[in-house]
Amino acid sequence: MKRLAQIKASAGSGKTYNLTSRFLELLRTASAESRGLACRAGTGGIHAWPEILAITFTNKAAAEMKARVIGALKSRALDLPNPDQAADWQPRTAAMVLERILRRYHRLNIRTIDSLLHQLTTIFALELGISPDFEVSFDVAELFEPLYE
């Protein structure tokens with residue numbers, strides 16, 4: 001199974017559906033442990049569910065994907081007929097994974113590119129030579145006036 005997958009397609013072509021399916025596939029093979037196992041995963045060991053990362057362009061797509069993951073697991077946990085995704089999950093397994101995720105929802109790594117870059121910058125702020133409590137600015141004048149001067 002590939003460690004990284006990139007999906008490029010036009011709007012409305014099913015990118016979120018495919019990304020959600022891939023996320024659920026990785027989630028099904030994840031360890032029950034919730035803490036990150038990044039060092040072990042890099043050596044081919046099993047991964048923990050918080051280590052699975054899905055990146056989207058928009059907040060809307062990230063929210064939709066989270067809802068689809070939770071919805072698919074909930075459908076399987078309740079053994080509802082014709083689940084859209086996660087059809088190969090056992091209801092008991094889906095219920096256990098859903099409970100783990102809901103208890104630590106903040107560790108569900110479905111995010112935008114911007115939020116990932118912000119998190120990485122925060123983690124490595126000192127190495128980058130910036131204050132760890134930096135604030136992101138979107139004001140064009142604030143960004144470029146010092147350069148013009």
Side-chain angles (χ1 to χ4, degrees), residues 1-139 143:
M1 190 178 338
K2 287 174 44 178
R3 295 295 236 179
L4 298 175
Q6 182 181 38
I7 299 172
K8 293 181 187 180
S10 60
S13 62
K15 291 183 301 292
T16 305
Y17 180 87
N18 287 325
L19 196 55
T20 302
S21 295
R22 174 76 171 133
F23 193 91
L24 287 165
E25 182 183 328
L26 290 169
L27 193 57
R28 191 163 46 89
T29 61
S31 166
E33 296 180 49
S34 64
R35 69 186 224 293
L37 306 170
C39 294
R40 188 169 75 189
T43 62
I46 194 165
H47 55 276
W49 69 266
E51 293 177 314
I52 305 168
L53 174 65
I55 303 295
T56 67
F57 277 106
T58 66
N59 288 324
K60 181 181 174 186
E64 181 182 341
M65 188 175 164
K66 284 182 181 182
R68 286 185 185 197
V69 167
I70 298 300
L73 291 173
K74 181 179 176 183
S75 292
R76 286 308 301 146
L78 297 173
D79 202 15
L80 296 177
N82 301 322
D84 185 32
Q85 294 178 307
D88 52 346
W89 286 64
Q90 294 297 318
R92 181 172 164 82
T93 305
M96 288 187 316
V97 170
L98 180 61
E99 182 179 353
R100 280 186 210 120
I101 289 173
L102 292 178
R103 288 186 182 276
R104 293 171 189 84
Y105 189 74
H106 66 282
R107 298 197 67 194
L108 184 59
N109 277 317
I110 300 172
R111 55 182 56 233
T112 62
I113 294 170
D114 293 345
S115 70
L116 175 64
L117 292 176
H118 185 271
Q119 182 182 33
L120 291 172
T121 304
T122 302
I123 291 169
F124 297 106
L126 296 176
E127 287 87 345
L128 295 170
I130 59 176
S131 173
D133 61 345
F134 71 93
E135 291 187 26
V136 177
S137 174
F138 295 102
D139 181 10
L143 294 171

Looking at residues at least two apart in the chain, or sitting in another chain, which of them share a salt bridge (Lys or Arg N to Asp or Glu O under 4.0 Å) with R92? none
Check whether more than 12 heavy atoms from other residues, nucleotides or ligands sit under 6.0 Å from atom CG of N59, and answer yes or no. no
dist I55:CD1 -> L116:CG (nearest 0.5 Å) comes out at 4.0 Å
Looking at CG of L108 and CH2 of W49, how far apart are the two atoms once the value is rounded to the nearest 0.5 Å? 6.0 Å
OG1/T56 to CE/M65 distance, rounded to the nearest 0.5 angstrom? 8.0 Å
For P50, which of R107, H106, R104, R100 qualifies under side-chain contact (heavy atoms from CB on, under 4.5 Å)? R107
Spatial distance of atom NE2 (H118) from atom CD1 (I123) [nearest 0.5 Å]: 11.0 Å
Answer yes or no: are there more than 12 heavy-atom neighbours, outside F134 itself, under 6.0 Å from its atom CZ? yes
Strictly distance-based, threshold 3.5 Å: is any side-chain N or O of R76 a donor or acceptor partner for the main-chain N or O of W89? yes
Closest non-hydrogen contact found for A77 with A94 is N-CB, 3.7 Å
Would you call L98 and I70 a side-chain contact if the rule is heavy atoms closer than 4.5 Å? yes
Can you see which heavy atom on P132 is nearest to which on A125, and at what distance? CA-CB, 3.7 Å
When rounded to the nearest 0.5 angstrom, what is the spacing between CZ in F23 and CZ in R68? 14.0 Å
Whether K60 and E64 form a salt bridge (side-chain N of Lys/Arg under 4.0 Å from carboxylate O of Asp/Glu) is what I want to check. no
Which heavy atom in A30 sits nearest to a heavy atom in I52, and how many Å separate them? CB-CD1, 4.3 Å
How long is the straight-line distance from OG of S115 back to CD1 of I110, given to the nearest 0.5 Å? 11.0 Å
R28/E25 salt bridge by N-O under 4.0 Å criterion: no
Tightest non-hydrogen contact, residues Y105 and K66, listed as OH-CD, 3.3 Å
Pairwise side-chain contact, L27 with I101, heavy-atom cut-off 4.5 Å (strictly under): yes
Check the pair T112, T58 against side chain to side chain contact (heavy atoms under 4.5 Å, CB included), reporting the backbone distance first and the verdict last. CA-CA 6 Å; T112 62; T58 66; 5.6 Å; no
The test is side chain to side chain contact (heavy atoms under 4.5 Å, CB included); show your working for L53 and R111 and say whether it passes. CA-CA 8 Å; L53 174 65; R111 55 182 56 233; 3.9 Å; yes
